[in-house]
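What follows is a single structure, written as structure tokens, with notes after it.
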Amino acid sequence: MKVSFTICSNNYLGSAAVLVDSFKRHHPDFEVYIGLVDLLSDQVDYPALGCTVLPVTDIAMPDPRELSRKFDIIELSTTAKPYYFQHFFFQLGATQAIYLDPDIEVFAPLAAVQQGLAQAMITLTPHMLTPVDDEFWPNDVHILPTGVFNLGFVALARHPQLAFFLDWWADRCLQYGFRNAKEGLFYDQVWMNYVPTFFESYYIIRDAGYNVANWNLHERTLHRDSAGKWWVNGGAELAFFHFSHYNIKAPDVISSYHNRFTFANRPDLLPLFIEYRQQVLGHRGEFLKTLKPYYGELHRQALKPNYRSYTDVKRRVLRRLRALLD
């Protein structure tokens, strides 16, 4: 059994549907899942997603309601990742499992991933293949604290060390799965820096067509040939593009934390983003974005005793002024 999956809340299902469609187009031999870190909603047509939706409460991991007291929705979702891998391998009997972020679109068969899975326990993609150091975001200094490898993609295969690897990774996520720059923490991702030193069985994809994203655009240009196929740097077939931090409500911005390029100085990207946005909208992405993740709301409720918004402060000041005037 070969598995591909993503993890998201209901508000990201418009993007996840694009991922599912594109992955299944090129890999019909995989079982495809969406790990839902949310409650099932009667406002969502789950069968229309074309895959199995697996709520986080249906896998063996600590209670997400309790975890949401300390983790925000992104931290909780990334902490769930190793536990989903454990479920697929040790409960469902998978021999291979590929994780992809919900904001990814697949454009070709993932041959390099299959090669990695055939050779090693873990297959990874680096954020970038060449350095960049300038005044723009993100450069290699900005990326370094987030980890050498981008965990928007990771693939695992059965191996004698797999159980140990997943136990170790799950434990680190459970204890330290925060985004906290001062502490050197970045979700589940930063731990992959240890893979080349802790584990012998790994495969790093250095093909420029894999995990193309805003952080490596300095080294990768795109073009589409007459047959409609996308290519990177003239010779590498585009395998998958990661639309990280792209907002369908701000379609003129490549990414919310990227300022090196715009569609004006990178017109090669514009058709790709236009078509991606149309697909997400076609899957009710604009409506789904309005749904509030259940565990995200629990996290905000847990913070309330220690949270003082500008409005709260303003109201207290006005009350005191009125009391003084009276």
Side-chain angles (χ1 to χ4, degrees), residues 1-9 12 31 33-38 52-102 116-117 120-125 145-180 183-203 293-296 298-299 302:
M1 177 186 181
K2 298 188 292 186
V3 168
S4 175
F5 72 105
T6 192
I7 298 172
C8 66
S9 304
Y12 255 86
E31 298 290 329
Y33 290 80
I34 293 176
L36 187 69
V37 183
D38 211 335
T52 302
V53 176
L54 181 62
V56 68
T57 49
D58 289 357
I59 66 171
M61 69 171 289
D63 187 349
R65 290 168 298 184
E66 288 299 315
L67 291 181
S68 67
R69 296 177 63 84
K70 69 173 184 176
F71 288 143
D72 66 27
I73 189 60
I74 300 176
E75 293 166 341
L76 179 60
S77 297
T78 52
T79 292
K81 196 182 299 179
Y83 293 99
Y84 271 102
F85 271 114
Q86 288 177 332
H87 181 82
F88 294 129
F89 279 109
F90 305 127
Q91 298 300 317
L92 302 188
T95 56
Q96 301 177 355
I98 299 172
Y99 171 82
L100 293 161
D101 266 358
L117 287 167
M121 176 180 71
I122 181 168
T123 300
L124 298 164
T125 52
T146 74
V148 174
F149 303 102
N150 178 257
L151 261 284
F153 158 82
V154 57
L156 300 179
R158 280 197 174 272
H159 185 273
Q161 280 195 305
L162 181 62
F164 171 77
F165 167 74
L166 287 174
D167 285 343
W168 165 77
W169 187 24
D171 176 73
R172 292 302 182 269
C173 289
L174 190 61
Q175 292 192 66
Y176 312 110
F178 303 99
R179 178 176 179 173
N180 187 326
E183 297 293 330
L185 302 175
F186 196 82
Y187 306 120
D188 64 320
Q189 184 167 281
V190 72
W191 303 105
M192 294 304 104
N193 286 355
Y194 282 120
V195 164
T197 55
F198 286 1
F199 304 97
E200 295 182 357
S201 186
Y202 62 90
Y203 185 88
Y294 172 72
Y295 298 109
L298 285 186
H299 180 72

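Note that these values count all heavy atoms, side chains included, but never hydrogens, waters or copies made by symmetry. Residue numbers start at 1 and run along the sequence shown.
Once rounded to the nearest 0.5 Å, the distance linking CE of M121 with OH of Y202 reads 11.0 Å. In this structure, OG1 in T146 is found 5.0 Å from CZ in F186, a value given to the nearest 0.5 Å. Taken from CD in E66 to CG in L298, the straight-line distance is 9.5 Å, to the nearest 0.5 Å. Here CD1 of I73 is found 9.5 Å from OG1 of T78. Values are rounded to the nearest 0.5 Å. Atom OH in Y294 sits 12.5 Å away from atom OG in S9 (nearest 0.5 Å). Rounding to the nearest 0.5 Å places CD1 of I7 at 11.0 Å from CD1 of I34.
For the pair N150 and Q189, the minimum side-chain heavy-atom distance is below 4.5 Å. Side-chain contact check for L92 versus E31: every heavy-atom pair is 4.5 Å or farther apart. When side chains are defined from C-beta on, E183 does not count as touching F178, because their heavy atoms never get closer than 4.5 Å. A 4.5 Å side-chain heavy-atom check between D167 and Q86 finds at least one atom pair inside the cut-off. Y187 places none of its side-chain heavy atoms less than 4.5 Å from the side chain of L151. You'll find the side chain of L76 reaches within 4.5 Å of the side chain of P64, heavy atoms only. The closest side-chain heavy-atom distance from V154 to L124 is below 4.5 Å. Residues L166 and F90 form a side-chain contact, since some pair of their non-hydrogen atoms from C-beta on lies under 4.5 Å apart.
Within a 6.0 Å radius of CZ in R179, no more than 12 heavy atoms belonging to other residues, nucleotides or ligands are found. Remark: Y176 OH is loosely packed, at most 12 non-hydrogen atoms of other residues, nucleotides or ligands lying under 6.0 Å away. Heavy atoms from other residues, nucleotides or ligands lying under 6.0 Å from CZ of R158 number more than 12. By the neighbour-count criterion of 12 heavy atoms within 6.0 Å, atom OH of Y194 is sparsely surrounded, having that number or fewer from other residues, nucleotides or ligands. In this structure, E200 places its CD atom where only 12 or fewer heavy-atom neighbours from other residues, nucleotides or ligands lie under 6.0 Å away.
A155 and I98 make their closest contact through CB-CG1, 4.0 Å (heavy atoms, listed as atom of the first residue, atom of the second, distance). Scanning all heavy atoms of the two residues, the minimum distance from L117 to T123 falls at N-OG1, 3.7 Å. Taking every heavy atom of both residues into account, D58 and L54 meet most closely at CB-CD1, 3.9 Å. M192 and I122 make their closest contact through SD-CD1, 3.8 Å (heavy atoms, listed as atom of the first residue, atom of the second, distance). C173 approaches D188 most closely through the heavy-atom pair SG-CB, 3.5 Å. In terms of heavy-atom proximity, Y12 sits nearest to P102 at CD2-CG, 4.1 Å.
The ring of F164 has its center no closer than 6.0 angstrom to the ring center of W168. Taking the centre of each ring, Y84 and Y33 stay at or above the 6.0 Å mark.
No donor-acceptor pair closer than 3.5 Å links the side chain of N180 to the backbone N or O of L185.
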Decide yes or no on side-chain contact (heavy atoms from CB on, under 4.5 Å) for F71 and Y295, but give the supporting numbers first.
CA-CA 9 Å; F71 288 143; Y295 298 109; over 6 Å; no
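Relative orientation of the F85 and F5 rings is perpendicular, given thresholds of 30° and 60° on the angle between their planes. Between W169 and F165, the ring planes are tilted. Angles from 30° to 60° get that label.
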